[in-house]
Amino acid sequence: MTTAPERIVVVGASLAGLTAAQHLRARGYAGALTLVGDEPHRPYDRPPLSKQVLRGLFSADTTLPHPPDLGVEFRLGQPATRLDLSERAVELGDGSRLPYDRLLIATGTRARPWPDPEEAALAGVFTLRGRDDAQRLGARLQARPDRVVLVGGGFIGFEVASTCRDLDIPVTLLVRDAVPLAAALGPRLGGLIGDVAREKGVDLRLESEIERMEARDGHLVAVTLKDGTRIESDCLVAAIGTLRNVEWLAGSGLEADAGGLRCDAFCRALHEDGGVAEGVFAAGDVARWPNPHDDDALVAVEHWGNARAQGETAAANMLAGDASAMRRHDHLPDFWSQQFGLTIKLVGLAEGADSFAVMHGSLEERCLLAAYGRDGRTIAAASIDSARWLPAYKAAIRERAPFPPIADAVDQPRLRVQEP
Amino acid sequence: MKVVVDLNRCQAYAQCLYAAPGHFALHGKEALVYDPSPDEAARGEIERAVHACPVRAITAYSDDTTAGEAA
Ligand SMILES: Cc1cc2nc3c(=O)[nH]c(=O)nc-3n(C[C@H](O)[C@H](O)[C@H](O)COP(=O)(O)OP(=O)(O)OC[C@H]3O[C@@H](n4cnc5c(N)ncnc54)[C@H](O)[C@@H]3O)c2cc1C
Ligand code: SF4
């Protein structure tokens, strides 16, 4: 049994870090608790940024609520720059050292920058990850650009495109793949969202990529696509994925790379040699963990629900003493997105599915629940404006019930199993 | 105050809309949008919304006014 912690340091002052802090206190931890964040802000919520905040609805202040007696020392605007495992200390940008007896690494991800640094630096070229990004882009959208060019066929790209249409701003959405959102939802639902986007006036261009940007006086004026098309625009948003914030762990001996910080089933960070790093835990977007719902395949889940669940599990395990008292992070990945007036929700991971069945509603109505299968087992379920059906499928996914799962014995023979 | 809604949990039951109409709204059939930073004066309404939500998706607390913002 290791001794009870007295000094807990959390690096990354966002959703996972704050959730962990709350659960540490809720479980009675009364010792020192420090939250280190390189952003100047208190922990805030990101999902509204691409949705209502950009649109200018309600307040842009999405600071996360927490109990008044949290008793946390915030060290904000201060990056952790180095981790010394043998001395059990974290070094900050200002040279100070924070000793810990438990450490939570929750440094998340950042927006993948536009690959050409000169183009990335042009005025009018944006990425979206944090509050300050949303503020800059929101101000630009309020000034009504003639056309916004969005690059990236993921959820954030579609959400921003949706927001632009809500503001009646013309938008061209460039997607490299033949079908948008296919990795997360499969081609059928991805294609459906693409259709909806087009109906709402998005100039959606599939299998399209930018060849180069044109600038005048340091300001973007147009882009040229690989197929030679030239599009005039002074506002481009690159929503081309994320990079994990692991650079500060270089040389620490932890196994961290572009795939994330490797941890075990109990959220304990692992050494490069595979051993457990005593007292060091990981949670949220940065963590790469064995997913029990997928034969322990390593996964990094960049969703809100995982950051919350893993922050909670890590907190419990930080106080558990030894492994026998720890609990497994067995969170079933879940996700939502709001765009073009639709709410899309996903439970489980649909990537790699080989079969698909609409269980309720229909693609035509754009109101449906669909299940995904692989090798005869149910692995995921997605809903479009039918969230109330979703919880009923969670158990089937957890148990990896035969596919298609039993929905309603009367309807069962009518189910049509298709390719995803 | 500060408010966050777990939208994985939310099932668009809309009870919060009735409890605090100026601070929660539905866009489309189930896309809930809400005020993440309502005025302290709205406390009564927000607390009613927290309690009205059948899936307990809403979390709200008063603003944290303690120091410690800077490094
Ligand atoms: C625009 C947008 C919309 C989204 N919408 C949805 C949605 O609809 N549904 C959904 O499920 N998910 C959504 N997400 C994803 C969700 O917000 C993330 O999964 C969640 O924020 C992850 O939380 P985290 O605490 O693990 O990491 P992060 O939120 O990335 O926080 C990590 C923090 O650590 C800081 N940090 C990094 N390095 C250091 C360092 N060396 N020292 C100190 N601090 C450091 C970072 O600056 C950051 O503040 C969205 C994300 C974005 C950006
Ligand atoms: S009451 Fe709860 S479930 Fe209903 S809309 Fe509001 S947050 Fe969602």
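All values below come from the heavy atoms of this structure, side chains included, with hydrogens, waters and symmetry mates left out. Each chain gets a letter, A, B and so on, in the order the sequences are listed, and its residues count up from 1.
A heavy-atom distance below 4.5 Å is found between the side chains of A:Leu57 and B:His27.
Most heavy-atom pairs under 4.5 Å with chain B: of the set A:Pro48, A:Pro67, A:Ser337, this distinction falls to A:Pro67. Chain B forms more heavy-atom pairs under 4.5 Å with one residue of A:Ser59, A:Cys367, A:Pro391, A:Gly341 than with any other, namely A:Ser59. Residue with the most contacts toward chain A among B:His23, B:Gln11, B:Met1: B:Gln11 (heavy-atom pairs, distance under 4.5 Å). Across B:Asp63, B:Val33, B:Thr59, the residue that shares the most heavy-atom pairs under 4.5 angstrom with chain A is B:Val33. Between chain A and the options B:Ser62, B:Gly28, B:Pro36, the largest number of non-hydrogen pairs under 4.5 Å is found for B:Pro36.
Closest approach of B:Tyr61 and A:Pro68 over heavy atoms only: CD2-CD, 3.9 Å. Residue B:Leu7 comes nearest to A:Gln338 through the heavy atom pair CD1-NE2, 3.8 Å, listed as atom of the first residue, atom of the second, then distance. Minimum interatomic distance between A:Phe58 and B:Phe24 (heavy atoms only, all atoms of both residues): CZ-N, 4.4 Å.
Of the atoms belonging to A:Asp385, heavy atoms from both backbone and side chain fall under 4.5 Å from chain B. Only the backbone of B:Val3 comes within less than 4.5 Å of a heavy atom of chain A; no side-chain atom from C-beta onward does. At a 4.5 Å heavy-atom cutoff, A:Pro47 makes no contact with chain B through either its backbone or its side chain. Both the backbone and the side chain of B:Asp6 come within less than 4.5 Å of a heavy atom in chain A. Neither the backbone nor the side chain of A:Ser96 comes within contact range of chain B, judged by heavy atoms closer than 4.5 Å.
Panel note: side chain B:Lys2, backbone A:His66; no donor-acceptor pair is recorded below 3.5 Å.
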Working for side-chain contact (heavy atoms from CB on, under 4.5 Å), residues B:Val4 and A:Trp304: CA-CA 12 Å; B:Val4 67; A:Trp304 194 92; 3.9 Å; yes
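Remark: B:Asp64 CG to A:Thr63 OG1 distance equals 9.5 Å, nearest 0.5 Å. The CG atom of A:Leu390 sits 13.0 Å away from atom CZ of B:Arg9, with the distance rounded to the nearest 0.5 Å.
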